[in-house]
Participant: 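For reference, the structure I am asking about is given below.
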Amino acid sequence: MIRFDVTVTTMVYQDQPLPIRESIALSHSDGIAAFAKAGTWFTAEQRLAILAEARQAHLCTLCGKRKKALSPYSEKGEHDSRGDLPDNIVEVIHRLITDSGRLTHSWFTSVLETGLSGEEYVEIVGAVSTSIILDGFADALGIAPLEPGGPVTGEPDRVTNEDVFDGGAWLPMLNLTQEMTDTGLPTGPNILRSMGLVPSAIQHFFGVMRSHYALADLDFAITRSQTELIAARVSSLNQCFY
Amino acid sequence: MLLRRSGAKKNETYNLNVVTNADEGEVGVPNETFLLRIAEAVYEGNHEALVAIREEGKETLGEQALVDAIAVACGFNGITKVANATGIPLDETTEKDTVQMRKETKIDDYDDSHKSVVYR
């Protein structure tokens, strides 16, 4: 008998008091489930630990001190971590969650010098940034955060994507054939290519992000200008140059 | 900043400097005060503010618009982390077309060349 592996999406956010679009519910179902599966560089157990550590970061004393300091690099010490992941991974997760606006290239370089590979770094960035959307959305709506369930059997394939190029970012970017769109951006803007070393990280993050924003044909009950106002303000608060 | 482009399409000019705190006043977008509150509360994870926003938002925006606005804020709170953590440059046309705007809004201060000097 032939057996097929079938992914069944479980619908989340049912029976919530506020109307959550089906596209968002579906993408969040897939997004949270992906934490319980092996990625390209991390096992399911490690990815679940990354999610748990991202949720822990808000309680970290060192991150609290750094947030208040004129420069986060003036505060030394140890993170209040769950203890499931190496220090260099905890550092990346906590800084992303609590103070991403003051990340610098020299910080990035120092993290890689601890032995973390660029590929591992990218997978962490994709996973943590996805968790920020999922948990932030639940928090903002006053509902319980989604839980990924237990780890699914499987191993990371640890294959580096060779189809990348040096596009001036801290990491190699995804190589894409580009066409200009009427939004003024190419079909593959740099943000989409930024995690090019790990295509599964792109899929994980943008699988969720696409239900929250699109450059065209966004079927939301707020206008394009209202959408872009929110986007611009959040970007500014995050000190995001891009 | 695609807000500028969306305004241009409607022949409207928005005060982008307000968005980056480079200026005071109004941007020129309907319900902007409430929308900016959503952006700030989501960024800060401010539970008290979010409770108030959920209550007021049903009246101010309507339920679906409230959820959609929150969704946009949460999405950008995630995607900015990707951008900040990877140091990506601006897309070519954006870089060419926004030189003056970036200077006026002080967005240039968010570039790594500036942050690397300020945050040592």
Side-chain angles (χ1 to χ4, degrees), chain A residues 18-20 24 58 71-73 96 100-106 108 125 128-130 132-133 136-137 139-142 167-171 173 180 184-186 189-191 194-195 205 209 212-213 220-222 224-242, chain B residues 1-3 5-7 10 14 19-21 27 29-32 35-36 38-40 42-43 45 50-51 54 61-91 93-94 97 107 110-112 115-116 118-120:
Chain A
L18 288 166
I20 298 171
I24 288 179
H58 299 286
S71 170
Y73 304 99
L96 270 173
S100 82
R102 298 193 290 178
L103 298 181
T104 60
H105 186 251
S106 57
F108 165 75
V125 169
V128 171
S129 302
T130 304
I132 288 169
I133 299 180
F137 186 71
D139 191 38
L141 293 185
W170 297 350
L171 294 146
M173 291 163 56
M180 190 54 66
L185 286 171
N190 286 346
I191 188 68
S194 64
M195 295 188 287
F205 178 78
M209 182 66 200
H212 286 251
Y213 178 81
F220 274 5
I222 52 176
R224 172 57 66 177
S225 296
Q226 289 175 316
T227 299
E228 297 301 345
L229 174 68
I230 296 166
R233 183 59 180 156
V234 173
S235 298
S236 175
L237 291 166
N238 277 286
Q239 299 186 54
C240 181
F241 180 65
Y242 183 76
Chain B
M1 196 185 287
L2 290 171
L3 177 59
R5 184 176 290 269
S6 73
K10 294 163 64 179
Y14 300 130
V19 180
T20 56
N21 283 345
V27 183
V29 173
N31 286 320
E32 64 181 65
L35 297 172
L36 292 173
I38 292 175
E40 284 152 22
V42 165
Y43 167 73
L50 289 167
V51 169
R54 285 198 298 274
L61 297 178
E63 287 190 345
Q64 188 62 67
L66 171 65
V67 175
D68 290 346
I70 286 171
V72 172
C74 293
F76 271 81
N77 205 31
I79 202 168
T80 47
K81 268 65 174 183
V82 176
N84 284 343
T86 55
I88 44 170
L90 295 174
D91 295 285
T93 46
T94 306
D97 295 348
I107 286 176
Y110 303 156
D111 184 32
D112 185 62
K115 288 180 185 175
S116 289
V118 175
Y119 307 128
R120 290 169 186 249

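None of these values were measured; they are calculated from a predicted model. Sequence lines set the chain letters: A, B, ... in the order given, protein chains first and strands last, and positions in each chain run from 1.
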Participant: What's the shortest heavy-atom distance between B:Tyr119 and A:Thr104, and which atoms?
Facilitator: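 Shortest heavy-atom contact: O-CG2, 4.1 Å.
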Participant: Look up atom CD1 in A:Ile20 and atom CD in B:Gln64, then write down how far apart they are to the nearest 0.5 Å.
Facilitator: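 Output value for this atom pair is 9.5 Å.
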Participant: Please examine the side chains of A:Phe205 and B:Ile79, heavy atoms only from C-beta on, and report whether any two atoms are closer than 4.5 Å.
Facilitator: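 Heavy-atom side-chain distance check passes, below 4.5 Å.
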Participant: Do you know which of A:Ser71, A:Cys240, A:Ala221 has the most heavy-atom pairs under 4.5 Å to chain B?
Facilitator: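 Answer, by heavy-atom pair count under 4.5 Å with chain B: A:Cys240.
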Participant: Could you state the interatomic distance from CG (B:Asp111) to CD (A:Gln239), rounded to the nearest 0.5 Å?
Facilitator: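 Separation between the atoms: 12.0 Å.
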Participant: With rounding to the nearest 0.5 angstrom, report the CG to CD1 distance, B:Asp68 to A:Ile24.
Facilitator: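 Nearest 0.5 Å value for the CG-CD1 distance: 6.5 Å.
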Participant: Identify which of A:Gly136, A:Gly168, A:Ser106, A:Ala140 forms the greatest number of heavy-atom pairs closer than 4.5 Å to chain B.
Facilitator: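 Top option by heavy-atom pairs under 4.5 Å: A:Ala140.
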Participant: Just so I understand: if I count every heavy-atom pair under 4.5 Å between each of A:Thr227, A:Leu185, A:Ile191 and chain B, which residue has the most?
Facilitator: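 Top count of heavy-atom pairs under 4.5 Å with chain B: A:Ile191.
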Participant: Once you round to the nearest 0.5 Å, how far does OG1 of B:Thr94 lie from CG of A:Asn190?
Facilitator: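 Interatomic distance, B:Thr94 OG1 to A:Asn190 CG, rounded to 0.5 Å: 8.5 Å.
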Participant: Pick one of side chain, backbone, both or neither for B:Leu35, based on which atoms fall under 4.5 Å of a heavy atom in chain A.
Facilitator: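 When you check distances to chain A, atoms from both the backbone and side chain of B:Leu35 fall under 4.5 Å.
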Participant: What are the two closest heavy atoms between B:Asp112 and A:Trp170, and how far apart are they?
Facilitator: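 Distance-wise, the nearest heavy atoms are OD1-CZ2, 3.8 Å.
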Participant: Which atom names give the shortest non-hydrogen contact between B:Val82 and A:Val125, and what distance separates them?
Facilitator: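 What the structure gives for the nearest pair is CA-CG1, 4.0 Å.
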Participant: Using a cut-off of under 4.5 Å for heavy-atom pairs, which of B:Ala83, B:Ala39, B:Gly45, B:Gly62 has the most such pairs with chain A?
Facilitator: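 Highest number of heavy-atom pairs under 4.5 Å: B:Ala39.
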Participant: What are the two closest heavy atoms between A:Gln226 and B:Pro30, and how far apart are they?
Facilitator: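 In terms of heavy atoms, the two residues are closest at NE2-O, 3.0 Å.
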Participant: Looking at side-chain heavy atoms only, is the closest gap between B:Pro89 and A:Met173 below 4.5 Å?
Facilitator: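 They are in side-chain contact.
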Participant: Side chain from CB out, backbone as N, CA, C, O: work out which of these in B:Val67 comes under 4.5 Å of a heavy atom of chain A, or both, or neither.
Facilitator: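 Both backbone and side chain of B:Val67 come within 4.5 Å of chain A.
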Participant: What part of B:Val27 gets closer than 4.5 Å to chain A, counting heavy atoms only: side chain, backbone, both or neither?
Facilitator: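 Just its side chain gets close to chain A.
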Participant: CD1 of B:Ile107 to CZ of A:Phe241: how many Å apart, nearest 0.5 Å?
Facilitator: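 Answer for the CD1-CZ pair, B:Ile107 versus A:Phe241, is 8.5 Å.
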Participant: Below 3.5 Å, can you tabulate the donor-acceptor pairs from side chains in residues 70-78 of chain B to any protein atom, sequence neighbours excluded?
Facilitator:
| unit_1 | atom_1 | unit_2 | atom_2 | d |
| --- | --- | --- | --- | --- |
| B:Asn77 | OD1 | A:Asn238 | ND2 | 2.9 |
| B:Asn77 | OD1 | B:Lys81 | NZ | 3.0 |

Participant: Who among B:Asp91, B:Thr93, B:Leu50, B:Leu36 has the most heavy-atom pairs with chain A under 4.5 Å?
Facilitator: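 The answer is B:Asp91.
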Participant: For A:Ser235 and B:Tyr110, does a side-chain donor sit closer than 3.5 Å to a side-chain acceptor?
Facilitator: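 A:Ser235 vs B:Tyr110: no donor-acceptor pair found between side chains.
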Participant: Under 6.0 Å from the ring centre and within 45 degrees of the ring axis: does the NZ or CZ of B:Arg120 meet both conditions for the six-membered ring of A:Tyr73?
Facilitator: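 Negative - B:Arg120 is either too far from the ring of A:Tyr73 or too far off its axis.
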